[in-house]
Amino acid sequence: MSVEALEAAPAVPYGQLVPVTVHFDDLDALGMLHNSRYPLLVERAWAEFWHGRGYGFDGDWAAAGDMCNVIKEMQVSYEQPVTRPGYYAAHLWVEKLGRTSLRYGFRLCSADGRQTYARGHRVLVRVDPQALRPTPWSDHARETATELLHPEAQAA
């Protein structure tokens with residue numbers, strides 16, 4: 001599975017649309033996108049977003065910095081099935097940016113963002129690679145995450 005680059009991503013009122021591709025082999029025996037693929041597509045879109053801003057992981061957890069994080073919670077609501085391969089998008093936004101955690105929202109949607117197939121949220125906690133205990137996000141990560149703050153989060 002690959003993330004396809006668009007010349008210009010359609011505008012959304014908040015957050016960002018990141019292109020994703022559904023391949024034929026992502027569909028289940030009923031011809032629908034397998035339920036486990038929705039969060040996988042969103043995960044790949046988030047990786048694309050962060051990697052596009054200079055974040056990465058090369059196998060060294062001690063040097064991973066903000067990329068050393070774990071999932072505390074994930075929720076997905078499936079609204080309608082994806083029934084064919086093709087180009088779609090993950091709409092990504094930040095709902096809450098804490099000192100050591102980050103809650104982001106997402107939608108798997110049509111490439112133009114108009115039709116929603118699934119939505120949900122995920123909570124990440126940045127951890128110290130040695131102690132595996134929560135540790136604060138860097139100022140740089142906080143600035144990057146702020147790019148995607150949902151308007152309701154900005155008002156809070």
Side-chain angles (χ1 to χ4, degrees), residues 1 3-6 8-22 33-82 87-156:
M1 200 166 304
V3 174
E4 303 292 331
L6 291 179
V12 287
Y14 56 87
Q16 183 173 334
L17 284 179
V18 177
V20 297
T21 303
V22 172
L33 183 62
H34 189 275
N35 66 294
S36 67
R37 297 297 192 180
Y38 291 79
L40 178 65
L41 290 169
V42 171
E43 174 71 20
R44 289 179 176 164
W46 273 110
E48 185 74 17
F49 172 81
W50 287 102
H51 291 185
R53 282 149 184 81
Y55 295 86
F57 176 68
D58 65 2
D60 180 2
W61 285 113
D66 294 296
M67 296 302 281
C68 187
N69 56 68
V70 296
I71 301 170
K72 179 178 180 179
E73 174 183 306
M74 182 165 188
Q75 181 269 325
V76 180
S77 175
Y78 302 95
E79 298 190 7
Q80 61 181 316
V82 171
Y87 301 113
Y88 295 87
H91 179 194
L92 311 174
W93 65 89
V94 172
E95 295 178 345
K96 183 179 179 186
L97 178 57
R99 191 175 75 80
T100 63
S101 66
L102 169 71
R103 177 181 164 131
Y104 68 75
F106 63 85
R107 291 185 311 127
L108 183 65
C109 55
S110 56
D112 63 7
R114 292 186 183 146
Q115 187 170 11
T116 300
Y117 299 99
R119 67 176 68 243
H121 72 266
R122 191 165 92 165
V123 177
L124 296 177
V125 177
R126 180 170 181 216
V127 294
D128 176 272
Q130 303 302 319
L132 297 179
R133 301 289 306 151
T135 193
W137 297 105
S138 70
D139 290 340
H140 186 241
R142 295 181 70 74
E143 289 172 21
T144 303
T146 300
E147 291 178 35
L148 297 182
L149 269 180
H150 190 284
E152 291 177 9
Q154 293 174 356

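All figures in this text were calculated on a predicted structure; none of them were measured in a lab.
- Although no hydrogens or angles enter the test, the distance criterion places no donor-acceptor pair under 3.5 Å between the side chain of Tyr38 and the main chain of Leu108.
- When the options Lys96, Met74, Glu95 are evaluated for a side chain to side chain contact (heavy atoms under 4.5 Å, CB included) with His121, the one that passes is Glu95.
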Practice task
Applying side chain to side chain contact (heavy atoms under 4.5 Å, CB included), run through Arg103 and Glu73 and close with a yes or a no.
Solution key: CA-CA 9 Å; Arg103 177 181 164 131; Glu73 174 183 306; 4.2 Å; yes
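- To the nearest 0.5 Å, the span separating CG on Leu148 from OH on Tyr104 amounts to 11.5 Å.
- Aromatic ring orientation, Tyr88 versus Tyr117: perpendicular (interplanar angle above 60°, classes split at 30° and 60°).
- Between His91 and Gly15, the shortest heavy-atom distance links the atoms NE2-CA, 4.3 Å.
- A donor-acceptor contact under 3.5 angstrom links the side chains of Ser36 and His34, judged on distance only.
- Scanning both residues, Val20 and Ala89, for their nearest heavy atoms gives CG2-N, 3.8 Å.
- Side-chain N or O atoms of Arg107 include one that pairs as donor or acceptor with a backbone N or O of Gly113 at under 3.5 Å.
- Between Tyr14 and Trp93, the ring planes are perpendicular. Angles over 60° get that label, and only those under 30° would be called parallel.
- Annotation for Arg53 and His140: closest pair O-CE1, 4.1 Å, computed over non-hydrogen atoms.
- Here the CE atom belonging to Met67 is positioned 13.5 Å from the CG atom belonging to Asp60, to the nearest 0.5 angstrom.
- Taken to the nearest 0.5 Å, the CG atom of Leu124 stands 5.0 Å off from the CG atom of Asn69.
- Annotation for Phe106 and Arg122: closest pair CE2-N, 4.5 Å, computed over non-hydrogen atoms.
- Taking all atoms of both residues into account, the shortest heavy-atom contact from Ser101 to Val123 is CB-CG1, 4.5 Å.
- Side chain of Thr135 to main chain of Asp128: no donor-acceptor pair is present (N/O by atom type, distance under 3.5 Å, no hydrogens or angles).
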Practice task
Go through the steps to decide whether Val76 and Val42 satisfy the test side chain to side chain contact (heavy atoms under 4.5 Å, CB included), and finish with yes or no.
Solution key: CA-CA 11 Å; Val76 180; Val42 171; over 6 Å; no
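- One distance of note links CD of Glu143 with CG of Leu97; it measures 11.0 Å at 0.5 Å rounding.
- Residues Trp50 and Thr144 approach most closely at CZ3-CG2, 3.4 Å, considering heavy atoms.
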Problem - Check against side chain to side chain contact (heavy atoms under 4.5 Å, CB included), Leu102 and Trp137 - result: CA-CA 9 Å; Leu102 169 71; Trp137 297 105; 3.8 Å; yes
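- Of the possible donor and acceptor atoms, one in the side chain of Arg126 sits under 3.5 Å from a partner among the backbone N and O of Gly65.
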